[in-house]
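In what follows, a structure is listed as structure tokens, so that the remarks can point back to it.
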Amino acid sequence: MKIIIINGPNLNLLGKREPEVYGNMTFETFYEELTKKYPSITLSYFQSNIEGELIDKIQEVGFTYDGIILNAAAYTHTSVGIGDTVKAISTPVIEVHISNTFSRETFRHQSFISPNARGIIIGFGMKSYELALQSFF
């Protein structure tokens, strides 16, 4: 099984950024633990702060991978383009958020990805990614 985790803006700052919301573990450390825990899965990771690069990556893997775990971060709430890309591909997408976006600012309650995602996992910290991964079994 071939799965990719795609992270959007500011998620490269995990471990430093607002630890009270996002925790103090870097994504790289979490990713290492995840790959060790699931050695039978070909897992890859991509992060960008640039909307177009996220769209390019989703298009690149969107017809050949078995699954995409997508945390588009703030672009979730603003990017019609990313939402359209998720709709255009055949690879199933699980939308993930570390924090409970519904307990935060009102603008974070809207997602342009959700209508085209297979499912959504919100608010379980970094465990959200693992839950998304397990949904592909």
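From a predicted model like this one, the values you see are computed outputs, not experimental measurements.
Summarising the geometry, atom CZ belonging to Phe112 is positioned 11.5 Å from atom CD belonging to Glu95; distances are rounded to the nearest 0.5 Å. Between Ile122 atom CD1 and Ile98 atom CD1 the span is 12.5 Å, to the nearest 0.5 Å. Put simply, CG on Asn71 and CD1 on Ile121 are 11.5 Å apart, with the number rounded to the nearest 0.5 Å. Expressed to the nearest 0.5 Å, how far CD1 of Ile94 lies from CD1 of Ile3 amounts to 9.0 Å. Atom CG of residue Leu70 and atom CG of residue Asn116 lie 11.5 Å apart, to the nearest 0.5 angstrom. Taking CD1 of Ile68 as the start and CD1 of Ile89 as the end, the distance is 3.5 Å to the nearest 0.5 Å.
A donor-acceptor pair under 3.5 Å is formed between the side chain of Tyr31 and the backbone N or O of Leu43. Ser128 places a side-chain N or O within 3.5 Å of a backbone atom of His97 that can act as its donor or acceptor partner.
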field: Chi angles and distances behind the side-chain hydrogen bond (donor to acceptor under 3.5 Å, both in side chains) call for Asn49, Gln47
entry: CA-CA 7 Å; Asn49 294 317; Gln47 188 279 328; 3.1 Å; yes
- prompt: Thr29 and Glu32: side-chain contact (heavy atoms from CB on, under 4.5 Å), yes or no, with the steps?
  reply: CA-CA 5 Å; Thr29 300; Glu32 277 182 40; 5.7 Å; no
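A salt bridge links Glu60 with Lys57; the closest basic N to acidic carboxylate O contact falls under 4.0 Å.
Shortest non-hydrogen contact noted between Pro9 and Ala74 is CG-N, 4.3 Å. Shown here for Ile55 and Gly81, the closest heavy-atom pair between the two residues is CD1-C, 3.9 Å. Heavy atoms only, all atoms of each residue included: Ala73 and Leu11 are closest at CB-CD1, 4.0 Å. Shortest non-hydrogen contact noted between Met126 and Met25 is CE-O, 3.5 Å. In terms of heavy-atom proximity, Ser48 sits nearest to Glu53 at OG-OE1, 2.6 Å. Closest approach of Gly8 to Leu54, counting heavy atoms only: CA-CD1, 3.8 Å.
Within 6.0 Å of CZ in Phe124 there are 12 or fewer heavy atoms belonging to other residues, nucleotides or ligands. The 12-atom threshold is exceeded at CG of Asp66, counting heavy atoms of other residues, nucleotides or ligands nearer than 6.0 Å.
No chain of hydrophobic side-chain contacts below 4.5 Å, direct or via other Ile, Leu, Val, Met, Phe, Trp or Tyr residues, connects Ile69 to Phe63. Under the 4.5 Å side-chain heavy-atom criterion for ILVMFWY residues, a single connected hydrophobic cluster contains both Val96 and Phe137. Tracing side-chain contacts under 4.5 Å through hydrophobic residues (I, L, V, M, F, W, Y), one reaches Leu34 starting from Leu14; they form part of the same cluster. Both Val61 and Ile82 are members of a single hydrophobic cluster when ILVMFWY side chains are connected at heavy-atom separations under 4.5 Å. At a threshold of 4.5 Å between side-chain heavy atoms, the hydrophobic network of Ile, Leu, Val, Met, Phe, Trp and Tyr places Met1 and Phe46 in two separate groups.
Every residue two or more places apart in sequence or in another chain was checked for a salt bridge (Lys or Arg N to Asp or Glu O under 4.0 Å) with Lys2, and none qualifies.
Taking the six-membered ring where the residue is Trp, Phe27 and Phe30 present tilted rings, their angle falling between 30° and 60°.
Contact of the Ile6 side chain with the Ile58 side chain is registered, since non-hydrogen atoms from C-beta on lie closer than 4.5 Å.
Under a 4.5 Å side-chain heavy-atom criterion applied to ILVMFWY residues, the cluster that includes Leu13 comprises that residue alone.
Taking the six-membered ring for Trp, Tyr38 and Phe136 have ring centres at least 6.0 Å apart.
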